[in-house]
Amino acid sequence: MSTTNTALDPTMVGGGADPRRGWTIVAALAATQTVGYGVLSYAFTVLLLPIAADLHTSTTAVTGALTASVLAGAVAAVPVGRWLDRHGGRALMTVGSLVATVLMAAWSKVDNLPELYAVLIGVGLTGAMALYEPAFAVIVAWFPDPRRRATALLTVTVVAGFASSIFLPLTGYLVAAYGWRHALLVLAAIHGTVTVPLHWLLVRRPATGSLHGGQRPAVARRPLRSVLADRRFLLLAVAFVAQAAALSTFTIHLVAYLIELGHPATLGASIAGLLGVLSVTGRLATTAAQRRLPPTMVVAAVFALQAVAAVILPLVGASAGGAVAAVMAFGLGFGVATIARPLLLTHLYGTAGYATLAGVLAVPVTVAKAVAPLAAATVHDATGSYPAVFIAVGVGCAISATGIALAGRRAR
């Protein structure tokens with residue numbers, strides 16, 4: 001029996017509630033996700049070197065703390081998803097934001113690696129409670145209509161896409177002016193001031209059972225075991241794991257590869273900076289296209305374009321124009337996976353139980369993000385150059401495009 005969203009989607013929340021409340025929550029989440037990612041994620045890039053110098057350790061050891069933080073978030077993904085389906089996001093996101101603020105302040109006091117690892121593992125756990133996955137679960141609950149849901153998801157991710165543009169220079173200024181320890185205290189204050197009150201005061205669950213037109217859901221949600229055994233879900237899992245591995249590898253190693261190709265470090269960093277700008281363009285284009293075409297078709301096409309871009313980079317990247325063209329093509333899909341997961345999960349399985357499904361899917365995706373760059377570094381060390389790494393990135397994107405396309409065909 002078909003299980004597409006129109007037949008089995010028990011949109012048991014959101015429709016009958018005040019639509020202004022839903023969009024108010026979207027605006028609040030756009031602000032909290034911008035600050036959350038800026039403070040809990042992007043600031044680390046600037047803090048890496050001064051922390052390593054102050055603790056008299058290597059950047060590799062400090063980077064390992066970030067890897068541990070990412071893996072901690074993966075461990076928390078499933079229980080967080082179950083909580084969200086049962087209780088909503090208000091309490092969870094408020095507590096996560098509050099504890100994350102305290103941990104940021106504690107981070108400013110660390111004096112050795114064990115303390116650093118302990119704090120960042122805590123940051124990873126609280127990030128799972130307060131960043132994109134719970135925010136998307138709140139939005140999915142409030143917007144049963146697919147078009148409005150896509151617009152709401154796009155709004156949050158586009159605004160939050162500027163987190164790096166805001167918080168990288170801000171963190172750099174704070175470190176230069178006050179040192180990394182005081183910089184963390186300022187960032188903690190910003191984080192707590194913005195995220196905690198917005199999550200507590202504005203995030204709410206819509207009235208259970210309220211639907212557009214007052215209709216009741218006809219069918220209960222599918223059991224989790226049934227979904228996990230569905231080949232479409234397995235195809236999505238393979239696709240998004242491959243995409244996550246490819247994306248994190250490309251991001252982490254791009255500047256080093258451009259320098260290896262002979263470009264100055266400043267030019268390499270500038271070219272890499274196109275990824276953030278184009279992620280917004282890609283999200284806008286993908287959201288617009290999926291209004292007219294099946295979302296699986298749109299996402300598969302974007303990932304296929306990334307595969308081509310990654311493979312041709314070793315061929316054309318020695319010239320500045322070629323490097324820019326390849327990075328721009330890849331960058332169009334840079335932020336698409338973020339909005340593709342909630343769009344495709346709700347397209348195939350409806351909105352009920354979304355957070356649990358997203359949490360299950362987030363575990364292997366997050367592990368792939370953490371492990372793939374290390375594996376790529378190993379390949380680079382073994383071969384002495386980057387072409388094999390970026391060809392592997394292209395293969396990963398091709399696998400992802402194929403998986404998404406096959407999932408779409410099975411749905412039809």
Side-chain angles (χ1 to χ4, degrees), residues 41-42 44-49 52 58-71 164 168 240-279 282 302-303 305-338 364-401:
S41 179
Y42 291 115
F44 184 89
T45 304
V46 180
L47 298 168
L48 173 61
L49 291 179
S58 67
T59 56
T60 301
V62 175
T63 303
L66 179 62
T67 301
S69 179
V70 173
L71 294 176
S164 60
L168 286 176
F240 283 118
V241 167
Q243 172 67 10
L247 194 66
S248 61
T249 299
F250 192 96
T251 304
I252 296 297
H253 293 280
L254 176 59
V255 174
Y257 185 35
L258 293 175
I259 293 172
E260 185 179 281
L261 288 171
H263 300 292
T266 52
L267 178 60
S270 298
I271 293 174
L274 294 172
L275 292 174
V277 176
L278 288 165
S279 70
V302 172
F303 290 169
L305 175 63
Q306 287 188 304
V308 174
V311 170
I312 67 170
L313 181 60
L315 303 177
V316 304
S319 70
V324 168
V327 171
M328 288 182 67
F330 192 92
L332 288 173
F334 189 65
V336 168
T338 303
V365 167
T366 306
V367 171
K369 287 181 181 178
V371 173
L374 298 176
T378 302
V379 172
H380 175 265
D381 292 343
T383 61
S385 62
Y386 272 115
V389 170
F390 281 81
I391 290 173
V393 168
V395 172
C397 292
I399 292 172
S400 181

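The basis for the numbers below is simple: all heavy atoms, side chains too, and nothing from hydrogens, waters or symmetry mates.
Closest of all the heavy-atom pairs between Ile312 and Ala326 is CG1-CB, 4.4 Å. The nearest pair of heavy atoms linking Val389 to Ala376 is CG2-O, 3.5 Å. Listed here is the closest heavy atom pair of Ala323 and Gly317: CB-O, 3.7 Å. Summarising the geometry of Ala307 relative to Gly394, their closest heavy-atom pair is CB-O, 3.3 Å, with the distance given to 0.1 Å. Across Ala388 and Val379, no two heavy atoms sit closer than the pair CB-CG1, 4.3 Å. Among all heavy-atom pairs drawn from Ser248 and Ala368, the shortest one is OG-O, 4.0 Å.
The side-chain hydrogen bond (donor to acceptor under 3.5 Å, both in side chains) search around His380 returns Glu260, not counting sequence neighbours. With sequence neighbours left out, Phe303 forms a ring pair (Phe, Tyr, Trp, His ring centres under 6.0 Å) with no residue at all. Residues satisfying the ring pair (Phe, Tyr, Trp, His ring centres under 6.0 Å) criterion with Phe44, sequence neighbours excluded, are absent altogether. Remark: Thr63 engages Leu48 in a side chain to side chain contact (heavy atoms under 4.5 Å, CB included) (not counting sequence neighbours). Residues satisfying the side chain to side chain contact (heavy atoms under 4.5 Å, CB included) criterion with Leu71, sequence neighbours excluded, are Thr67, Val367, Ala370. Annotation: side chain to side chain contact (heavy atoms under 4.5 Å, CB included) contacts of Ala68 (sequence neighbours excluded): Tyr117, Ile121. Not counting sequence neighbours, Ala375 has no partner by the side chain to side chain contact (heavy atoms under 4.5 Å, CB included) test.
If you take CG on Leu254 and CZ on Phe330, they are separated by 9.0 Å, rounding to the nearest 0.5 Å. Within the model, atoms OH of Tyr257 and OG1 of Thr249 stand 14.0 Å from one another, a figure rounded to the nearest 0.5 Å.
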Full working for side chain to side chain contact (heavy atoms under 4.5 Å, CB included) between Leu332 and Val302: CA-CA 7 Å; Leu332 288 173; Val302 172; 5.6 Å; no

Which donor-acceptor pairs under 3.5 Å do the side chains of residues 270-278 make with protein atoms, sequence neighbours left out?
residue: Ser270; atom: OG; partner: Thr266; partner atom: O; Å: 2.9

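Judged by distance alone, the side chain of Ser400 and the main-chain N or O of Gly396 form no donor-acceptor pair under 3.5 Å. In this structure, Thr251 contributes its side chain and Leu247 its backbone to a donor-acceptor pair below 3.5 Å.
Ring-plane geometry between His253 and Tyr386 is classed as tilted, the angle between the planes lying from 30 to 60 degrees on a 0 to 90 degree scale.
The side-chain hydrogen bond (donor to acceptor under 3.5 Å, both in side chains) contacts involving residues 305-321 comprise Gln243-Gln306, where partners must be two or more places apart or lie in separate chains.
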